[in-house]
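One structure is given here, and the rest of the page talks about it.
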Amino acid sequence: MSNLPYEPARIEPKWQAFWEEHQVFAARPDASRPKYYCLIEFPYPSGAGLHVGHPRSNTALDIIARKRRMEGYNVLYPIGWDAFGLPTENYAIANSVHPAKVTRDNVNHFRRQLKRLGFSFDYSREVDTTDPSYYRWTQWIFLKLYEHGLAYKAEMPINWCPRCKIGLANEEVVAGMCERCGHQVTHKVKNQWMLAITRYAQKLLDGLDTVDFIEPVKAQQRNWIGRSEGCEADFAIAGTGEALRVFTTRPDTMFGATYMVLSPEHPVIERFAQRIENIRDLRAYREQAAAKSDFERAEMQKDKTGVEVVGLKAVNPATGKEIPIWVSDYVLMGYGTGAIMAVPGHDERDWEFAKAFSLPIVEVVAGGDVTQQAYTEIDDGVIVNSGFLDGLSVKQAQEAMIAWLEQRGLATRKINYKLRDWVFSRQRYWGEPIPMVHCPVCGVVPLGEDQLPLLLPDVESYEPTDSGESPLAAITDWVNTTCPRCGGPARRETDTMPQWAGSSWYFLRYCDPHNSRAFASQEALDYWMPVDWYNGGMEHTTLHLLYSRFWHLFLHDIGLVRAPEPYARRTSHGMILGENGEKMSKSRGNVINPDDLVDEIGADAFRVYEMFMGAFDQAIPWSMSGARGARRFLERVWRLQEMLSGPEDAFSPGLRVLINQSIKKVGEDYERMKYNTAIAQMMTLVNAFYEQGGVSAGDLKALLLLLSPVAPHLCEEIWLAQGFGGYIHEQAWPSYDEAYLVDDAVEIAVQINGRVRARIMVPSDLGREAGEELVRHAQVAPLLEGKQLVKCIYVPGRLLNLVVK
RNA sequence: GCGGACGUGGCGGAAUGGCAGACGCGCCAGACUUAGGAUCUGGUGCCUCCGGGCGUAAGAGUUCAAGUCUCUUCGUCCGCACCA
């Protein structure tokens with residue numbers, strides 16, 4: 001056996017079949033053992049097949065899952081398919097195949113590819129978001145959201161391609177252009193389903209303090225939610241008895257508000273259309289702004305445009321003076337109140353606008369030169385030209401101004417968030433049907449829970465209609481239905497849910513994937529949740545990760561899940577780039593196909609290379625020769641079988657310290673996702689085995705146990721072939737002996753004034769005080785000849801630094 | 001502009017304030033072999049008058065000691081972006 005060459009093509013399929021046949025990785029609830037839930041983002045089964053990026057995340061958590069099992073945990077490491085989505089639908093349109101068939105084929109392809117890599121997934125718990133037995137519960141959760149007032153309909157602008165005449169998802173808009181035809185994307189207002197995620201803004205923010213997420217994820221989510229504290233204040237509209245409400249974070253600068261700006265869509269414009277002398281200009285400006293794409297708006301950023309509202313004036317409540325009102329597209333209807341008080345002296349945008357239209361600029365915070373640029377410093381500014389606020393610091397003035405306004409009923413404290421409500425409608429076929437009916441008598445009526453799942457009907461064509469409606473709108477016998485409330489004729493909602501719907505709760509379904517009475521049993525949820533470790537891409541931080549936290553917080557609030565937060569720990573992997581350092585893509589011709597790689601070097605070497613290639617959280621270019629190096633390492637491990645002699649239960653004396661160090665380091669490195677240094681340590685260990693010229697069975701066993709989470713097939717094979725007893729996946733994770741982490745004697749550096757001048761061997765237990773005696777050491781004393789010793793620093797086991805004159 | 005990550009050999013990268021470059025790739029030399037993308041051995045930061053000197057984007061500082069800590073400057077990548 002030991003003379004056979006290392007042949008992954010023979011070994012790997014054998015062990016994959018063994019694991020499957022014996023259901024080694026099937027997770028079963030077991031109250032007697034602690035549970036551990038490892039999760040990777042379930043893949044979108046694209047037609048292109050597995051990308052080398054998938055195994056990076058999968059292997060990383062496979063290592064954790066396998067290590068946890070060896071540590072005695074009951075591990076859940078599931079896999080599934082996030083299978084609704086546009087590429088499948090577009091492929092179906094182009095090739096006239098049913099998207100369900102495309103999905104089935106792609107899933108089969110993906111599953112086969114994943115199985116070849118030997119991940120310890122529990123395939124008996126597979127979920128598929130396009131399966132009616134799954135999306136039934138996606139629809140059910142939507143009904144719950146609706147029931148609790150978190151799903152509502154609203155007129156919302158969507159991305160619109162005027163050439164294709166269809167609505168586009170954000171993902172389909174590339175640099176402001178239509179992904180399909182390249183035309184500029186504009187906006188069109190449509191009635192859309194929305195989810196009120198903004199009502200959870202504070203909870204989403206607070207929850208971040210309770211979870212172990214890597215810092216960049218927390219920072220990005222906080223940034224995205226964008227909390228800002230300030231107040232809303234009323235500016236009277238002269239001669240009308242009405243007021244314009246603004247949001248500001250700088251009430252301290254109110255004396256410097258020399259004009260107001262409204263968003264072009266602000267309702268006050270139409271309300272006072274009769275009084276406004278240039279209403280036509282304002283309407284024209286509004287239409288022009290609406291036709292602009294986001295891309296164009298961003299391009300225009302430098303040049304402020306706007307129109308004065310002639311015939312209306314506002315009153316600055318601080319100064320009592322009348323100030324002009326302008327309209328400009330730099331004020332957004334979607335944030336705050338859609339109106340601002342402009343303080344050109346202390347806000348860059350207002351300053352530019354004031355310069356462009358020759359509006360007055362007043363300095364109210366001293367310290368800058370407001371004729372040259374806006375002075376926005378808040379930490380050491382002093383208020384001037386501001387009546388009763390003069391002389392106060394910015395911070396003091398903020399409080400004083402709010403108090404003053406509150407007393408007069410002109411302002412209230414207010415917290416705003418940048419986070420927007422979630423547009424939950426897509427005018428598409430391949431998504432979950434929204435279980436709602438439009439009744440001419442009762443209005444919008446939800447389907448009863450007993451009506452679920454609302455199945456996606458077969459259609460002739462998956463093309464969106466000319467009007468931008470979903471293809472479902474054309475299926476009259478599906479659309480026409482009866483109202484669940486009054487029984488009269490009614491129409492079904494024809495929009496479908498976005499791809500983010502199914503992925504917002506899939507980790508809950510994994511706990512109890514075949515349950516037909518609930519999305520998961522309370523018992524299963526209580527046992528498995530929360531997810532202990534979730535790894536995924538940074539690109540999902542502000543969409544999927546935030547959305548799924550929102551759904552989970554909601555399910556917690558209505559008593560369906562125990563903990564508020566679904567994920568205890570979140571980490572992220574870096575992208576794998578092509579050999580040329582560019583993103584892998586078909587068009588760049590730098591794609592590495594995982595199947596080819598398994599054929600060439602084997603799954604274990606593939607896994608080792610992906611973990612060894614660099615820091616786990618960083619983007620890194622592929623290297624084919626580096627991958628072959630991983631294969632070479634495993635060959636060396638394999639050949640250790642030829643140099644095996646000695647007892648099974650003991651380490652070779654000369655290797656005892658290194659093996660103990662390796663057990664400690666590899667275990668700790670896995671936990672910190674420092675896979676590259678863990679593997680480097682094992683390479684060092686193997687090099688030492690070769691230098692010694694032979695290994696004991698005990699040495700080899702230790703190495704195999706450490707390596708088995710990364711290269712499981714190879715380690716199972718050697719373990720079995722050498723008759724080490726049982727299977728390696730049943731073994732306990734090795735422990736190390738503190739007493740053998742350092743050698744009896746260590747080499748230290750001797751420095752003179754910080755420069756290394758000698759190396760000497762000293763007992764490793766030599767204390768800091770005793771170390772100072774080393775100045776009399778035979779190799780040290782000569783270095784001090786003719787010099788005066790000023791200071792002596794001995795760092796045990798490290799170095800001796802002698803400061804001399 | 002705001003937020004985040006980062007800058008170390010030819011390349012990927014190591015380094016609780018304590019011997020910079022572990023480990024791997026590549027390259028060089030040799031061994032074995034009827035040239036093979038196999039394996040093994042040795043070497044591989046730069047300069048050198050062979051004593052040593054210089055080296056972690058640049059500059060300053062703290063320290064017995066700085067890749068690591070502090071400040072300044074330059075540069076790269078990612079996310080958000082007219083958010084009042």
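Chain letters run A, B, ... following the sequence lines, proteins first, then strands; residues in each count from 1. Keep in mind that the numbers below use all heavy atoms, side chains included, and drop hydrogens, waters and symmetry copies.
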Which whole number of Å gives the distance between the [atom1] atom of [N] and that of [M]?
N: B:rA20; M: B:rG45; atom1: C1'; answer: 10 Å
N: B:rU68; M: B:rU33; atom1: C1'; answer: 49 Å
N: B:rU76; M: B:rC25; atom1: C1'; answer: 24 Å
N: B:rG7; M: B:rU16; atom1: C1'; answer: 23 Å
N: B:rU8; M: B:rC77; atom1: P; answer: 14 Å
N: B:rU44; M: B:rG9; atom1: C1'; answer: 10 Å
N: B:rA66; M: B:rA31; atom1: P; answer: 46 Å
N: B:rC69; M: B:rA5; atom1: P; answer: 12 Å

Does [X] reach a base, just sugar-phosphate, or nothing at all? Heavy atoms under 4.0 Å.
X: A:Arg227; answer: nothing
X: A:Ser228; answer: sugar-phosphate
X: A:Gln681; answer: nothing
X: A:Gly629; answer: sugar-phosphate
X: A:Arg755; answer: sugar-phosphate
X: A:Asn753; answer: nothing

- Message: Which label fits A:Tyr335 and A:Phe247: parallel for a plane angle under 30°, tilted from 30 to 60°, or perpendicular past 60°?
- Response: perpendicular

- Item | Mutual orientation of the aromatic rings belonging to A:Phe353 and A:Phe357 [parallel < 30°, tilted 30-60°, perpendicular > 60°] | tilted

- Rounded to the nearest 0.5 Å, what's the gap from CG on A:Asn801 to CZ on A:Arg755? Could you check? 11.5 Å

Integer-rounded Å distance: [N] [atom2] and [X] [atom1]:
X: A:Leu658; N: B:rC23; atom1: CG; atom2: P; answer: 11 Å
X: A:Leu577; N: B:rC78; atom1: CG; atom2: P; answer: 10 Å
X: A:Glu610; N: B:rC23; atom1: CD; atom2: C1'; answer: 18 Å
X: A:Lys355; N: B:rC82; atom1: NZ; atom2: C1'; answer: 19 Å
X: A:Met683; N: B:rG24; atom1: CE; atom2: C1'; answer: 6 Å

- Message: Would B:rG30 be called syn or anti here, given the cut-off of 90° from 0?
- Response: anti

- With syn defined as a glycosidic torsion within 90 degrees of 0 and anti otherwise, which applies to B:rG21? anti

For the side chain of [X], starting at C-beta, report the closest nucleotide among [options].
X: A:Trp224; options: B:rC80, B:rA84, B:rC54; value: B:rC80
X: A:Leu332; options: B:rG4, B:rA84, B:rC23; value: B:rA84
X: A:Val803; options: B:rG4, B:rC64, B:rC80; value: B:rC64
X: A:Gln220; options: B:rA84, B:rG79, B:rG24; value: B:rG79
X: A:Ile793; options: B:rC23, B:rA84, B:rG18; value: B:rG18
X: A:Lys791; options: B:rA84, B:rC64, B:rG53; value: B:rC64
X: A:Asp347; options: B:rC80, B:rA84, B:rC54; value: B:rA84

Dump the pairs, protein N or O against N or O of nucleotides 35-40 of chain B, anything under 3.5 Å, distances to one decimal.
| unit_1 | atom_1 | unit_2 | atom_2 | d |
| --- | --- | --- | --- | --- |
| B:rG37 | N2 | A:Arg628 | NE | 2.9 |
| B:rG37 | N2 | A:Arg628 | NH1 | 3.4 |
| B:rG37 | N2 | A:Arg628 | NH2 | 2.2 |
| B:rU39 | O3' | A:Arg639 | NH2 | 3.2 |
| B:rC40 | OP1 | A:Arg636 | NH1 | 3.1 |
| B:rC40 | OP1 | A:Arg639 | NH2 | 2.9 |

Ignoring hydrogens and geometry, is there a side-chain-to-backbone donor-acceptor pair from [X] to [Y] under 3.5 Å?
X: A:Tyr259; Y: A:Ala314; result: no
X: A:Tyr609; Y: A:Trp622; result: no
X: A:Asn535; Y: A:Ser572; result: yes
X: A:Thr319; Y: A:Phe255; result: no
X: A:His346; Y: A:Val365; result: yes

For [N], the Watson-Crick or wobble counterpart (both distances under 3.5 Å):
N: B:rC71; result: B:rG59
N: B:rC50; result: none
N: B:rG37; result: none
N: B:rG17; result: none
N: B:rC80; result: B:rG1
N: B:rG9; result: none
N: B:rA22; result: none
N: B:rC27; result: B:rG43

Is the shortest side-chain N to carboxylate O distance from [X] to [Y] below 4.0 Å?
X: A:Glu668; Y: A:Lys664; result: yes
X: A:Arg413; Y: A:Glu399; result: yes
X: A:Glu671; Y: A:Lys665; result: no

- Do the non-hydrogen side-chain atoms of A:Val343 and A:Thr258 ever get within less than 4.5 Å of each other? no

- Heavy-atom side-chain proximity of A:Ile415 to A:Ser228 below 4.5 angstrom: no

- Query: Any side-chain N or O of A:Asn687 under 4.0 Å from OP1/OP2 of B:rG24?
  - Reply: yes

Polar atoms only, N or O, under 3.5 Å: list the protein pairs with nucleotides 10-16 of chain B and their distances.
| unit_1 | atom_1 | unit_2 | atom_2 | d |
| --- | --- | --- | --- | --- |
| B:rG12 | O2' | A:Met613 | O | 2.4 |
| B:rG13 | O3' | A:Asn676 | ND2 | 3.3 |
| B:rA14 | OP1 | A:Asn676 | ND2 | 3.1 |

- Of A:Gly336 and A:Ala630, the one whose closest nucleotide on RNA chain B sits nearer the 5' end is A:Ala630

- Note on the structure: Taking for A:Ala680 and for A:Ala339 the nucleotide of RNA chain B with the nearest heavy atom, the one nearer the 5' end belongs to A:Ala680

